[in-house]
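Contents: one structure, followed by commentary.
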Number of protein chains: 2
Amino acid sequence: MATIQDVARDAGVSTATVSRVFSAPELVLETTRNKVMEAVNRLGYEPNFAAKSLRTLRTEKILVTVPDISNPFFSQVIRGVEEAALAAGYSVLLGDTRHEETREEQYAAMFRRKEADGLIFLGHRLPDVLAEMVAAKGPRTPIVNGCEFRPGLAVSSAHIDNERAAAEAVEYLYTLGHTRVGAVTGPLASPISSDRLNGVLAAAQRHGRASALRIAIGDFSIESGVRQAGELLDEPGRPTAIFCFSDEMAMGALEAIRQRGLRCPEDVSLVGFDDIRFAQYLHPQLTTVRQPKEQIGHEVVRLLLDILADRTSTLQNVTLPHQLVVRSSTAPPSA
Amino acid sequence: MATIQDVARDAGVSTATVSRVFSAPELVLETTRNKVMEAVNRLGYEPNFAAKSLRTLRTEKILVTVPDISNPFFSQVIRGVEEAALAAGYSVLLGDTRHEETREEQYAAMFRRKEADGLIFLGHRLPDVLAEMVAAKGPRTPIVNGCEFRPGLAVSSAHIDNERAAAEAVEYLYTLGHTRVGAVTGPLASPISSDRLNGVLAAAQRHGRASALRIAIGDFSIESGVRQAGELLDEPGRPTAIFCFSDEMAMGALEAIRQRGLRCPEDVSLVGFDDIRFAQYLHPQLTTVRQPKEQIGHEVVRLLLDILADRTSTLQNVTLPHQLVVRSSTAPPSA
DNA sequence: GTTATCGATGATTTCGATTACATCGGAGCG
DNA sequence: CGCTCCGATGTAATCGAAATCATCGATAAC
């Protein structure tokens, strides 16, 4: 592959001029610019990325770590990230951490090695090396959290108001007339789950139904939905409505309901969370809390670009709007 | 961030020695090695990636382009890619092309700029610049195709036998007793669709049902499934079984069936393709052709690594096993 | 007419690591 | 005792582009 030297020689100019043709074309005379471009085309020259990166200390890459890429919720968020990043001239380095700390640390090291200009993490943990980095550099550290929000991490973030969203979902069930409500949470270590649980508890209390509330702890997967919703359904005083903290778990719950010969929504109402693309094609169509997935992706990139461009020096924790989407998996309890 | 010079000075050795501690530790005396490692820890040194990359001309990155990351089929394949890549010390640069040629070309340019050592593309198109590259360098070009297989591209690939898989799916419907079968394909520009269609046609002919076969062209999306399956169902002489070239379209078809007050499988049997994670949680559970998604990801990485390590000099087109998974969306036609 | 100014371009250093080659002291051998 | 060889380490060239500073001719200003 041709280098900038080859082009310079071929065009009869210096390497500085060739470089300028790319990075500051207005500084070079049109005639020389053309000479250079001819040479570029003739030799099929492409600037070597590593060399450029070494000199400028920039990679034009954003590392995005995600707990599970095969989860449609995350893949939609990533789509938004990818889109916004590309529009700003950045490309996306993908890290699927599979919820494993080891992998999170591998990617953290990659970031420390400066293989990316910024890091977006969609999980709830920040490896120690990065926490140190944040402690040292403060809010100028190019690390942003998406979907989750844990104040202690001291990084900017974009997410919905999980507590309120969950509260609204449960409120809706109570206003439909349900009294015995069950909830299937995600792992409580993540704020995304504990915040939602707080919302659920608060709503139950407001309606004086706290004692009839049943909680089961899942892990966001379909299978855990089948299992945990199943346990709720098998308890005496079966709930007439179940709220799952993810649409995937709601899919599992639907399966559990069917396995027991029950019907949704006639016997059990069901509410999910996320509004993944498939939610409206389930049968019955799933009532769920919509998260603005691509928008979260865009926002998180915007926050990161602000830091990278030094346009901001304070933390920003952006709350994006959610929406309860009522479909046909919810109904008043049958008499 | 500390550089190798800082470490060398701090440890009282030369930069060469520091470098060797990382890349060939057995060449340096244990006592010096310890001295160096102490300095490394003291200064928090991490080798600068761009510098290393410039010197070695390697990036340890694989660029993966995919038509749509939010598609669960692709995201599972990517998961396999990511896993195999990470195990081999490579990381994944993700490119979501959204089926757009412009984006495919952007990523092609990125590859030419040597931002990645290899390219895996999961679509069916290869941008011109890359085709030229393949023509020039032959089978040693580090470009591999996944999921699709187009002989003319002259790149190695990993995929299933789409023609046979589709034929088997349709055969199964015929042996159940169906005579009027409909198929919803993807865009015929991609081999993945045309191969499957060939399989469908061949099976129909073998069973003497070619004239009763109905074809509708979709685009793999749920919405196109609703639309195209709907059209098939509205024709006179409604098919009693529909084969969709993706599970997502099958989800759409299920919706179309319900919209018309029909039942699956009693009135219409349904077969999908891919066996995405959600297929078995639909109602009825979806009969479908399973593709070994993660395995395709692994295989495609293996092929690429073989090229990168110069272990191979011939094209390899690997056919992986598929499997018809019979669930409850298919049944004999009702009398 | 001399000098300050400016636009266009060139010469050269720099980024941070890798690596071929050089060096040096000690062991082994005749 | 002198020479070779080898293991351990140092010296310095190198990768390819960016950016600083220097240069040069021409124009403008006084």
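Worth saying up front: this structure is predicted, and the values here are computed from it rather than measured. Below, chains carry the letters A, B, ... as their sequence lines are ordered, and counting in each starts from 1.
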Is the terminal nitrogen or CZ of K61(A) (NZ for Lys, CZ for Arg) located under 6.0 angstrom from the six-membered ring centre of F49(A) and within 45° of that ring's axis?
yes
Can you find a side-chain donor-acceptor pair between H298(B) and E83(B) that sits under 3.5 Å?
yes
Quick one: bend of the helix from dG1(C)-dC30(D) to dG30(C)-dC1(D) from 5 pairs per end, to 10°?
50°
Under a 4.0 Å heavy-atom criterion, the protein footprint on nucleotides 10-18 of chain C, written with B, S and -, is BBB-BBBBB
Closer than 3.5 angstrom, by distance alone: can the side chain of N145(B) be matched with the main-chain N or O of G123(B) as a donor-acceptor pair?
yes
Might you point out which heavy atoms bring E294(A) and Q76(A) nearest each other, and give the distance in Å?
CG-O, 3.8 Å
So does P72(B) get a backbone contact from the side chain of S75(B), meaning a donor-acceptor N/O pair under 3.5 Å?
yes
Within residues 26-35 of chain B, residues whose heavy atoms come under 4.0 Å of DNA chain C:
none
Whether D6(A) side chain and T3(A) backbone form a donor-acceptor pair below 3.5 Å:
yes
So that I can tick it off, tell me whether E100(B) and R103(B) are bridged by a salt bridge, with the cut-off set at under 4.0 angstrom between side-chain N and carboxylate O.
yes
Distance alone, cut at 3.5 Å: any donor-acceptor contact between the side chains of Y107(A) and R112(A)?
no
Using atom types as modelled and distance alone, determine if a side-chain donor or acceptor of T15(B) lies under 3.5 Å from a backbone N or O of Q5(B).
no
Write down the atom of S157(A), the atom of N317(A), and the distance for their closest heavy-atom approach.
OG-ND2, 2.6 Å
